[in-house]
S.K.: 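The structure that follows is given in the form of structure tokens.
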Amino acid sequence: MAKKRIGILTSGGDCAGLNAAIRAVTRRAIDGFGWEVVGIRNGTLGLISEPIEAEILDKQTFSGVLLRQGGTFLGSSTKGDPFAFKMPDGSVKDRSMEFVEGFRSLNLDGLIGIGGDGSMKILNRLCELGDIPFIGIPKTIDNDVALTEFTIGFTTAVNVAVDALDRLLPTAASHHRVMVLEVMGRDAGHIALHAGIAGGADVILLPEIAYDMDKVAEKIRDVYENEKRSHALVVCSEAIKTSQGQTVMHANEEGKMNYGGVGHEIGGQIAKMTGADTRVTVLGHLQRGGTPAMRDRLIASAFGVRAVDLMAQGKTNCMVAWQHREVVDVPLDEVVKRYKKIDVTGTLVHTARGLGICLGD
Ligand SMILES: Nc1ncnc2c1ncn2[C@@H]1O[C@H](COP(=O)(O)OP(=O)(O)OP(=O)(O)O)[C@@H](O)[C@H]1O
Ligand SMILES: O=P(O)(O)OC[C@H]1O[C@](O)(CO)[C@@H](O)[C@@H]1O
Ligand SMILES: [Mg+2]
């Protein structure tokens, strides 16, 4: 096989396990095929920067602690979409061809992009535009990428949320309080549902299931009065709506809307309706950091090796995915058409209901 030179980048919100995936790609490309690997800095931004921000990666790069480290040493971005790039003067410019030219100027034969749903959409368009051979690797704490059971970073984020519940329980019990924990997840409730079940929540509120505050208050009263347990744990996803039917969002510095803060509204309602002493914790970006959990390192490694194998087979326009304890490849066009929400008829929703957890309906 002809010697190739491939690029790799990480895009979208960071998460734990990205370095493990970059390491796996690099090792497989070098050891398996004798290729050269170029790490592109800060997502798509690295290729449109002047000068281009990229560096050769070798096995030496990963001789230290990177496998065990959260974040991405290459840097990432959720800003600067090349199709609608916000210029310093406030104007919006299409810089997509600069991305393609940047790719070509590095003499690359293909690109491996590690990203979430948003990044896959952008990278798919960019690679179609430049006829760039592309393989995607799914990552995001949100676990909302279609056609894969798991994304890199999800398990670590859930572990952080479970740990938070473990820490909230004794203080809730000591002060006879209701503790509300707001978790991330974008428009899907995967973190909330997994963490809520594993962390022994009494109530879990998800964007996929409309809630009724009367039902939530009834559950809290039941815990206090009938279960004779004068404390309770409530987990809510950041994307649930307030009782007025709106999500709680804030524009970031580039105008991108982010969720955050609905837990305070839920906590206020619980206190008002039940009289229970209530406190609210918004877990935030703690969920993105930390040492990657075993499963994140494992799937990152499996995804990285398979992504290089696919490129060696001449495949393009696909994404590696985890299905039935195996790595498979799925068409990128199918991935970007869908969004993976919780299956409200699935095992975990059934499990939560079976445990007596109130889902607000
Ligand atoms: N340079 C860029 N590269 C990729 N996406 C960008 C870039 N600049 C802005 N974006 C925007 O950011 C979004 C990517 O952020 P998003 O939060 O959706 O990330 P993601 O890839 O889905 O991963 P995650 O959800 O884990 O953050 C895209 O939908 C896009 O609109
Ligand atoms: O990094 P930012 O812009 O604060 O984005 C936060 C968002 O990113 C995520 O952490 C990952 O997509 C979401 O769960 C959250 O809504
Ligand atoms: Mg996303």
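Numbering of ligands and ligand atoms starts at 1, following listing order. Position 1 is the first residue of the sequence; numbering continues from there.
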S.K.: When you compare ligand 2 with T78, is there at least one nitrogen or oxygen pair between them that comes in under 3.5 angstrom?
M.R.: no
S.K.: Any side-chain heavy atom of L332 sitting closer than 4.5 Å to one from M120?
M.R.: yes
S.K.: If the cut-off is 4.0 Å to any non-hydrogen atom of E238, which atoms of ligand 2 fall inside it?
M.R.: 13 (C), 14 (O), 15 (C), 16 (O)
S.K.: Strictly under 4.0 Å, does any heavy atom of Q287 approach an atom of ligand 2?
M.R.: no
S.K.: List every atom of ligand 2 that sits less than 4.0 Å from any heavy atom of G185, numbering the atoms from 1 in the order shown and giving each element.
M.R.: 14 (O)
S.K.: Take D361 and R353 through the salt bridge (charged side-chain N to carboxylate O under 4.0 Å, His left out) test and state the conclusion after the steps.
M.R.: CA-CA 10 Å; D361 59 344; R353 294 196 196 282; 2.9 Å; yes
S.K.: Less than 6.0 angstrom separating the ring centers of Y224 and H176, yes or no?
M.R.: no
S.K.: I'd like a table of donor-acceptor pairs (distance under 3.5 Å, sequence neighbours excluded) in which one partner is a side-chain atom from residues 96-115, with atom names and distances.
M.R.:
from: S96; atom 1: OG; to: D94; atom 2: OD1; distance (Å): 2.6
from: E98; atom 1: OE1; to: R95; atom 2: NE; distance (Å): 3.1
from: E98; atom 1: OE1; to: R95; atom 2: NH2; distance (Å): 2.8
from: E98; atom 1: OE2; to: R95; atom 2: NE; distance (Å): 3.1
from: R104; atom 1: NH2; to: G130; atom 2: O; distance (Å): 3.3
from: S105; atom 1: OG; to: G102; atom 2: O; distance (Å): 2.8
from: D109; atom 1: OD2; to: R5; atom 2: N; distance (Å): 2.8

S.K.: Give the atom numbers and elements of ligand 2 that come within less than 4.0 Å of a heavy atom of N258.
M.R.: 2 (P), 3 (O), 4 (O), 5 (O)
S.K.: Looking only at distances, can you tell me whether any N or O atom of H285, backbone or side chain, sits closer than 3.5 Å to an N or O atom of ligand 2?
M.R.: yes
S.K.: With a 4.5 Å heavy-atom cut-off, do R306 and D329 have their side chains touching?
M.R.: yes
S.K.: Answer yes or no as to whether an N/O/S atom of D117 is found below 2.8 Å from the Mg ion (ligand 3).
M.R.: yes
S.K.: Under 4.0 Å from a heavy atom of R186: which atoms of ligand 2 are those, numbered in the order shown and with their elements?
M.R.: 14 (O), 16 (O)
S.K.: For A239 and D187, which heavy atoms make the closest approach, and how far apart are they?
M.R.: CB-CA, 4.1 Å
